[in-house]
Amino acid sequence: MTTSEVGDDDFQQILAQTRQFVRTAVVPREQEILTEDRVPDDLRETAKSMGLFGYAIPQEWGGLGLDLSQDVELAMELGYTSLALRSMFGTNNGIAGQVLVGYGTDEQKSTWLERIASGDVVASFALTEPGAGSNPSGLRTKAVRSGDDWILNGEKRFITNAPNADLFVTFARSRPADDKGAGIAVFLVPAGTPGVAVGAKDKKMGQEGAWTADVSFTDVRVPDTALVGGSEDIGYRAAMTSLARGRVHIAALAVGAAQRALDESVAYAATATQGGTPIGEFQLVQAMLADQQTGVMAGRALVRDTARQWVTGQDRRLAPSAAKLFCTEMAGKVADLAVQIHGGSGYMREVPVERIYRDVRLLRLYEGTSEIQRLIIGGGLVKAAQKETAR
C-alpha cells in the first residue's frame, strides 16, 4: 500500500489516542514490564481494542490502513516507552504482515490478514539464521518439493514473538541462486505444524518483555498453498522490500526513544542540584542537552522525509538505510548522554535512562546492522554514478 486510507483528521485522533495510551497507561508501568519481563495482559487487550495490531494493514482486511508517513508518526509515540509494547504488534504490522500485504495471494490474504490485523494471530518473521543475519543471501534453511507439498528443514535465530507466534512467515532456499533470482522462497507455516519447535526464550541485554527465541523446522510439511504469492522467486524480493520499509519504522522508533531520553535529561538537569545549583545551569550540561536536542530534531526531520519518499515511490532503498543508520546511532548517543547527565543515578536500575540505554542498543543491530546500512548506501551511490557514466 502506498497511499493512506485514513484522512488527516481521523489520523490525528488515532495519534492522540496512542499518545495518551503510551504516556498515561504504559509509562507508569514500565518497571512492571521490566521486572516481570512481559507486557501485562490488560495493556495487550487495550492495544488490540485500539487497532494497534493492524494499524498498517489495509482496511479491506480489518486494519486501520495507515501509510508509512502516518506509521512513523505513530512509531515515534510508541518509542517513547518500553520498546516491548511496540514489539507485541510490530511484526504483525511490519516485516511479517507487509510480506502478505505486498505479495500474498488473495487466498492467503483472506485466510490470515484479518486475524493478524485484529491481533488474534501473532505473526513472526522467520528470516535470521545462525549463519545469515543482515544479508539473507546466506540462508541455509531448505525447502524441497514433495509431490504437491514442500518439506522445510533449518534453524532460525532471534525470532521476535516466536514464543507467542501463531504463524511463522518463513524464508527458505528452494534452489541455488541463479540468473532467475536468489532462489529464496517464503512460506506461511502455522506454529502448530508438526516439526516446528520453538526454543527457550532468549535472555537479552535489554528490551525486557519483548520475547525472542530460536525456531527449528524438522521435516516440516506444508502445502503448495503456503508458498507466498504462489512463486518461488518472490521470497528474496519480499524480504528486501519488507526490511527496507521496516527500517524507516525502526528509525522512527529510535527518534521516540531519543525524545524520551532527552525529556528525562532536561527534567533532571532542571531540578537536580550540585552545590546548591541546578546542574542545568552548568554550561557543559547545557552542551550535552543541546547535542541531544539537535540529534532528535535532525532524526525526526529525516524520518519524515524518508517516509514521504517511500510513499511517493521516490526512494525505497537508500533513504530507508540512511534513516535507520542515522537515527539508531543518534539514539545511542542521546541515551549515552542521558546517563552522563544523570551521573551515578543514571546507572541505577529503575531509572528510565538506564533502561533506555540498554533498549536502544539493539536498534543498531536488527533489520540490518549499521554496517549493512553503510554498504547499501555507499554501494548504491557508486552504482548509480556508474550507471549515469555508462549512458
Side-chain angles (χ1 to χ4, degrees), residues 15-36 39-40 43 72-87 205-210 251-304 326-364:
L15 195 62
Q17 289 173 345
T18 302
R19 183 186 182 96
Q20 183 177 18
F21 171 57
V22 165
R23 302 201 181 201
T24 64
V26 185
V27 167
R29 300 177 71 181
E30 289 171 344
Q31 190 58 38
E32 179 185 348
I33 294 170
L34 189 158
T35 303
E36 298 187 6
V39 177
L43 293 182
V72 298
E73 298 296 329
L74 208 65
M76 286 190 277
E77 295 298 335
L78 296 169
Y80 199 79
T81 190
S82 168
L83 297 185
L85 176 77
R86 195 273 336 178
S87 189
M205 177 193 290
Q207 297 208 14
E208 291 89 355
L253 203 65
V255 172
Q259 181 68 63
R260 174 67 182 285
L262 168 61
D263 289 352
E264 294 287 339
S265 299
V266 171
Y268 186 82
T271 55
T273 59
Q274 186 73 28
T277 303
I279 66 168
E281 294 184 18
F282 300 149
Q283 289 181 333
L284 289 178
V285 172
Q286 291 175 2
M288 288 190 277
L289 294 173
D291 286 347
Q292 289 178 309
Q293 173 75 359
T294 303
V296 170
M297 290 181 70
R300 181 174 288 111
L302 178 57
V303 159
R304 286 173 171 164
F326 178 83
C327 292
T328 59
E329 294 283 344
M330 176 274 295
K333 293 170 186 172
V334 168
D336 186 75
L337 287 170
V339 172
Q340 195 70 16
I341 290 165
H342 279 70
S345 300
Y347 199 67
M348 297 295 125
R349 287 291 170 103
E350 301 187 18
V351 174
V353 297
E354 184 274 340
R355 174 189 57 77
I356 295 167
Y357 182 85
R358 291 181 294 108
D359 278 1
V360 300
R361 186 61 186 87
L362 184 56
L363 301 182
R364 286 181 268 169

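- Judged by distance alone, the side chain of S87 and the main-chain N or O of L83 form no donor-acceptor pair under 3.5 Å.
- Rounding to the nearest 0.5 Å places CG of L337 at 13.0 Å from CD of Q293.
- A distance of 13.0 Å separates CZ of R86 from OG1 of T81, quoted to the nearest 0.5 Å.
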**Report entry** From CA spacing to verdict: side-chain contact (heavy atoms from CB on, under 4.5 Å), V26, V39
**Finding:** CA-CA 9 Å; V26 185; V39 177; over 6 Å; no
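- Screening residues 328-346 for salt bridge (Lys or Arg N to Asp or Glu O under 4.0 Å) gives E329-R364 as the qualifying pairs, with residues at least two apart or on separate chains.
- The side chain to side chain contact (heavy atoms under 4.5 Å, CB included) search around A257 returns V360, not counting sequence neighbours.
- I341 and A269 make their closest contact through CG2-CB, 4.4 Å (heavy atoms, listed as atom of the first residue, atom of the second, distance).
- Under the salt bridge (charged side-chain N to carboxylate O under 4.0 Å, His left out) criterion, E354 pairs with R349, R358, sequence neighbours left out.
- Residues A331 and A258 share a closest heavy-atom pair of CA-CB, 4.1 Å.
- By the side chain to side chain contact (heavy atoms under 4.5 Å, CB included) test, A252 pairs with V72, A75, M76, V303, sequence neighbours left out.
- With values rounded to the nearest 0.5 angstrom, C327 atom SG is found 5.0 Å from L302 atom CG.
- Residues satisfying the salt bridge (charged side-chain N to carboxylate O under 4.0 Å, His left out) test with R361, not counting sequence neighbours, are none.
- Smallest separation of non-hydrogen atoms from I33 and S82: CG2-OG, 3.7 Å.
- Partners of R355 according to the side-chain hydrogen bond (donor to acceptor under 3.5 Å, both in side chains) rule, which considers only residues two or more places apart in sequence or in another chain, are E30, D359.
- Around the CE atom of M297, the shell of radius 6.0 Å holds no more than 12 heavy atoms that belong to other residues, nucleotides or ligands.
- Atom CE in M330 sits 10.5 Å away from atom CD in Q292 (nearest 0.5 Å).
- Legend: residues meeting side chain to side chain contact (heavy atoms under 4.5 Å, CB included) with E264, ordered by chain and number and at least two apart, are R260, H342, P352, V353.
- Closest approach of V334 and A261 over heavy atoms only: CG1-CB, 3.9 Å.
- How far OG of S265 is from CD of Q340: 10.5 Å, rounded to the nearest 0.5 Å.
- Scanning both residues, G295 and F326, for their nearest heavy atoms gives O-CE2, 4.1 Å.
- Other residues, nucleotides and ligands place more than 12 heavy atoms under 6.0 Å from the CD atom of Q31.
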Which atom pairs, one a donor and one an acceptor, fall under 3.5 Å between side chains of residues 278-291 and the rest of the protein, sequence neighbours left out?
residue	atom	partner	partner atom	Å
Q286	NE2	G280	O	2.9

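- Partners of E32 according to the salt bridge (charged side-chain N to carboxylate O under 4.0 Å, His left out) rule, which considers only residues two or more places apart in sequence or in another chain, are R29.
- For Y80, the side-chain hydrogen bond (donor to acceptor under 3.5 Å, both in side chains) partners are D263, not counting sequence neighbours.
- E77 pairs by the salt bridge (charged side-chain N to carboxylate O under 4.0 Å, His left out) definition with R19, R23, not counting sequence neighbours.
- Every side chain to side chain contact (heavy atoms under 4.5 Å, CB included) that A25 has, sequence neighbours left out, goes to F21, L43.
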